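My structure is below; once you've seen it, I'll send some questions.
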2 protein chains.
Amino acid sequence: MEYVYEAPVLTVDAVIFQLINNELNVLLIKRNLEPFKDTYALPGGYNPKGETTMKAFERVLSTKAGIKKDNLQLIEQLYTFDTVARDPRGHAVSIAYMGLTRDPKIKESSDTEDPKFFPITKLPKLAFDHESIIKYAHERLSSKITYTNAIFALLPKQFTLTQLQQAYEAVLCRELDKRNFRKRIMALNLLKPTSKYFTEGAHRPALIYSFQKQGLETSPQLID
Amino acid sequence: MEYVYEAPVLTVDAVIFQLINNELNVLLIKRNLEPFKDTYALPGGYNPKGETTMKAFERVLSTKAGIKKDNLQLIEQLYTFDTVARDPRGHAVSIAYMGLTRDPKIKESSDTEDPKFFPITKLPKLAFDHESIIKYAHERLSSKITYTNAIFALLPKQFTLTQLQQAYEAVLCRELDKRNFRKRIMALNLLKPTSKYFTEGAHRPALIYSFQKQGLETSPQLID
DNA sequence: ACAAAAGTGTTAAGAATACACCCATGT
DNA sequence: ACATGGGTGTATTCTTAACACTTTTGT
């Protein structure tokens, strides 16, 4: 085994989700380099020696999209893809991470590449296999919110039950029964009611809740 | 971004499971190099440029443990770990794969490092973070067999319902009710009965079954 | 005849689903 | 007073879990 070892190119790709107008959106940039120049793609970049994959993810996200890691409430590694013909230098390996945010400040900088959020139902044509990576991330997220409180990462710290339900519906892409949803979510004891109400429009104000804990918790079968 | 790019060392680690005497076993080798010389570890090795991670996994498994990929009925990528202080050359990234086998021929060769199967309940002290990687793999496998037919990869092509149940029990590390198990498994239509019986010992012979399909299938909630 | 594993149904409890009206507010 | 979304309970169906005896064979 002790020949001269040369490692493949290592990259990271970022799938950043956010809720906008009760729709799940994903962050894309427009590539300014070949291949796939001017095509939309997930933010991604090289992972050099000495930098952990997580740090590379954070750096790439910051430089390419102007989003800092403090704006991500949850980060999860998804999968590692062998990418052929991605990099002009040949075979490359790419680690995909998913990040959830509730309201990122996209800071323009010299190095950003026109970062924008797109509803997952209306994606433009994408570079590489990024469409399938997004699909994979979406499935992971859908399943994750059914057995954890991961949805907290997409919501403000305080929210009404209707907002919570809409967040679930946006991720799962289907409607949920209001009474059954509330019954279940309350039975899990993940939420705590505040004493505040959210008044908006000509109707009864909604009680505001927050999560008991901010971190990720696993609970027995939230939604099925 | 166009500084001189140098990639981290990339390695693959293999978690190979097999059933022996109704116990789930995992393949380990004894390391013949520092660090952790003479300590048991998962088979692993370098992934050079130009080789896909899957190919590297197959090659490493073959050279370090003498197991060929044809002996693996199912392969699944698990997770990618940043490994600090693993490689004398510094920061390394390691991709863990899981492989399931029903009866591997471990072929001794000059390069193998004393490969042996150990029951997961009786593991020796392990190098690096390999104990947690095995735990992760075990959890993935446990969950996988509850919503797919992945268990086929650990069983011979033909088997009795008792053998099937024992395989589930070995992976899940808990006992299952015979009548409920059979009811459920039969309801899924994954199995087809042969017309043969397995006679062994002084008792009623058991009908032999096989899976309808050899490949991986997802089915709605097999076991809970 | 006996020992040993194969095979087989029913009942009770719990979970999921479907569903409709009153409440509090702004205009 | 009316329009709007907030908030609540029950009945039914389906799923899961618990449980014991008969069958077939070898010795």
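Chain identifiers are assigned alphabetically (A, B, ...) following the order of the sequence lines, protein sequences preceding nucleic acid strands; residue numbering begins at 1 within each chain. None of these values were measured; they are calculated from a predicted model. Computed from heavy atoms alone, side chains included, the values below leave out hydrogens, waters and symmetry copies.
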Legend entry - Euclidean distance, atom CZ of residue B:F181 to atom C1' of D:dC19 [Å, nearest integer]: 18 Å

Inset, instruction - Report yes if some heavy atom in the side chain of A:F117 is under 4.5 Å from a heavy atom in the side chain of A:V26; otherwise report no. - result: no

Inset, instruction - Only counting residues at least two apart or in another chain, list the ones meeting side-chain hydrogen bond (donor to acceptor under 3.5 Å, both in side chains) with B:T121. - result: B:E23

Legend entry - Atom pair distance, as rounded to whole Å: CG in A:L164 and C1' in D:dG6: 15 Å

Legend entry - Angle between terminal axes - the helix from C:dA1-D:dT27 to C:dC21-D:dG7, 5 pairs each end, rounded to 10°: 10°

Inset, instruction - Under the side-chain hydrogen bond (donor to acceptor under 3.5 Å, both in side chains) rule, collect the residues that match up with A:Q163, sequence neighbours excluded. - result: none

Inset, instruction - Hey, could you give me each pair passing ring-ring contact (aromatic ring centres under 6.0 Å, His included) that has a residue in residues 147-181 of chain A? Not counting sequence neighbours. - result: A:F159-A:F211, A:Y168-A:F181

Legend entry - Atom-to-atom span, CG of B:L176 to C1' of D:dA18 - whole angstrom: 14 Å

Inset, instruction - Go along nucleotides 7-13 of chain D 5' to 3' and tag each nucleotide: B for a protein heavy atom under 4.0 Å from its base, S when only backbone or sugar atoms are that close, - otherwise. - result: BBBB---

Legend entry - Interatomic distance, B:E175 CD vs D:dA18 C1' [rounded to whole Å]: 15 Å

Inset, instruction - Send over the distance from B:L188 CG to D:dT15 P, rounded to a whole Å. - result: 12 Å

Legend entry - Start and end of the DNA chain C segment that chain B contacts, any atom under 4.0 Å from a heavy atom: C:dA3 to C:dT10

Legend entry - Length of the line joining A:H203:NE2 and D:dG6:P, which is rounded to integer Å: 6 Å

Inset, instruction - Can you tell me the distance, in whole Å, between the NZ atom of A:K196 and the C1' atom of D:dG6? - result: 18 Å

